[in-house]
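Letters A, B, ... mirror the listed sequences (proteins, then strands); counts begin at 1. Because the structure is a prediction, the values reported are computed rather than measured.
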Protein chains: 2
Amino acid sequence: MSRTVADRAAAIAAVAEVFREHGFEGASLSAITARTGLGKGSLYYFFPGGKEEMAEAVLAEIDGWFTRAIFSPLRDDADPEAAIRRMLRETDSYFRSGRRVCLIGAFALGDTRDRFAARIAAYFAAWRAALAEALMRANRPEASERAEHAVLAIQGALVLARALGDQAVFVRALERLERELLAE
Amino acid sequence: MSRTVADRAAAIAAVAEVFREHGFEGASLSAITARTGLGKGSLYYFFPGGKEEMAEAVLAEIDGWFTRAIFSPLRDDADPEAAIRRMLRETDSYFRSGRRVCLIGAFALGDTRDRFAARIAAYFAAWRAALAEALMRANRPEASERAEHAVLAIQGALVLARALGDQAVFVRALERLERELLAE
DNA sequence: GTCTATACAGCGATAGAC
DNA sequence: GTCTATCGCTGTATAGAC
């Protein structure tokens with residue numbers, strides 16, 4: 001069994017890493033075949049729509065993960081403060097303390113924004129709304145403002161950490177956010 | 001005179017917009033010839049090193065602009081508070097209140113980071129250091145922390161504003177920064 | 001389902017006339 | 001300095017055998 005990837009779900013995860021590292025334009029089909037271990041034929045069998053469909057699938061998968069791990073708890077957890085702390089913990093772990101880039105944020109900056117505008121906007125709007133909801137439930141003032149600022153700070157921290165090659169920037173930003181978000 | 005671009009300096013400005021809109025990989029030579037009005041021959045006459053040299057020139061030009069308009073005043077202006085306000089004003093205007101993307105930030109997220117790592121890191125480090133210097137001269141506490149947070153928040157605001165297609169996000173972020181930076 | 005072979009368009013870059 | 005023509009390569013995508 002020399003196959004690297006067994007099914008569509010595993011293929012999506014592999015493709016996601018290629019997009020994350022090279023962006024949409026930069027992710028060549030040959031890079032994708034190399035990473036997934038699938039030939040072009042198999043790739044087009046799973047994703048008849050080509051690269052565009054692969055990117056759609058990747059965005060949907062990321063959105064699903066964040067919804068389950070972060071957005072839903074922020075909206076529904078009986079303890080909103082705990083959900084906020086969980087958000088920060090999961091965010092740190094998902095982005096590998098700043099070593100990993102946000103694919104959706106990167107897509108937002110490039111040509112890709114127009115192509116996937118709806119998905120990109122929905123992801124960030126959902127994050128901001130869920131966090132605002134948790135802050136309101138936790139009786140913190142200026143919930144919307146704090147939520148928007150937190151989402152934006154996470155994206156900025158990823159940019160700056162990568163630009164400076166210093167993941168400590170990201171870790172510091174999350175620590176600051178914990179203080180700011182939960183302050184009375 | 002059907003020429004669009006008369007000299008190297010004007011060519012750099014035109015090329016910068018193409019990189020800003022399409023990224024490094026996405027900026028095809030034919031898009032660049034279209035925007036500059038120069039044929040490939042002329043382009044390679046100005047930039048013998050091809051796309052890589054064009055990008056170098058663009059990064060240097062942006063770095064120079066920020067140094068003159070923002071970083072130097074932050075370091076040297078006799079009134080550091082005025083320099084900080086000027087930074088926020090120039091930042092708003094440079095990024096067209098969030099409609100324009102930060103080319104250097106976008107480069108930092110992609111494959112391009114490794115290629116231009118030194119320039120990218122230098123730009124952000126200079127901004128952070130100059131702002132910290134101004135905050136210290138203005139006797140504000142936690143100057144380094146505030147400066148890092150401000151630089152990161154500007155980048156994040158650009159990402160989020162573009163992702164949501166809502167420049168108000170960027171404007172709000174700058175207003176918040178003015179309050180936070182200048183608070184005693 | 002997976003592979004190899006291939007089509008063909010577009011890429012970055014160069015040559016050389018003007 | 002600027003242009004057009006062209007090179008060689010890689011890109012996405014498809015066809016068809018297995």
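Nucleic acid contact class of B/Ala27 (heavy atoms, under 4.0 Å, all strands): sugar-phosphate only. Across all strands shown, B/Gly41 has heavy atoms under 4.0 Å from base atoms, whether or not it also approaches the sugar-phosphate.
Between A/Phe71 and A/Tyr123, the ring planes are tilted. Angles from 30° to 60° get that label. Using bins of under 30°, 30° to 60° and over 60° for the plane-to-plane angle, the ring pair B/His149/A/His149 lands in the tilted bin. In this pair, B/Phe95 and B/Phe170 present their aromatic rings perpendicular. The plane angle is above 60°, beyond the 30 to 60° band.
As rounded to whole Å, 15 Å separates atom P of C/dG1 from atom CG of A/Leu43. Protein atom NZ of B/Lys51 is 15 Å distant from nucleotide atom C1' of D/dC9, rounded to whole Å. In this structure, CD of B/Glu52 is placed 19 Å from P of C/dC11, rounded to the nearest angstrom. When the P atom of C/dC11 is taken as reference, atom CG of B/Leu29 falls 9 Å away, rounded to whole Å. With rounding to whole Å, B/Glu25 atom CD is found 13 Å from D/dT10 atom C1'. Rounded to whole Å, atom P of C/dA13 lies 11 Å from atom CD of B/Glu53. Atom pair B/Arg115:CZ and C/dG12:P shows a separation of 11 Å (rounding to whole Å applied). The distance between atom CZ of A/Phe24 and atom C1' of D/dT12, rounded to the nearest whole Å, is 10 Å.
Side chain of A/Tyr44, nearest nucleotide from D/dT12, C/dC3, C/dG12: D/dT12. Nearest to the side chain of A/Lys40, among D/dA13, D/dG11, C/dG12, sits D/dA13. Closest to the side chain of A/Ser30, out of D/dG11, C/dT2, D/dT12, is D/dG11. The side chain of A/Phe46 has C/dT2 as its nearest neighbour among D/dT2, C/dT2, D/dG11. Considering only the side chain of B/Ser42, D/dC3 comes nearest among C/dA13, D/dC3, D/dT12.
Both tests pass for B/Arg100 against the ring of B/Tyr94: distance under 6.0 Å to the centre and angle within 45° of the axis.
At distances below 3.5 Å, not a single donor-acceptor pair connects side-chain atoms of A/Ser42 with backbone N or O atoms of A/Leu38.
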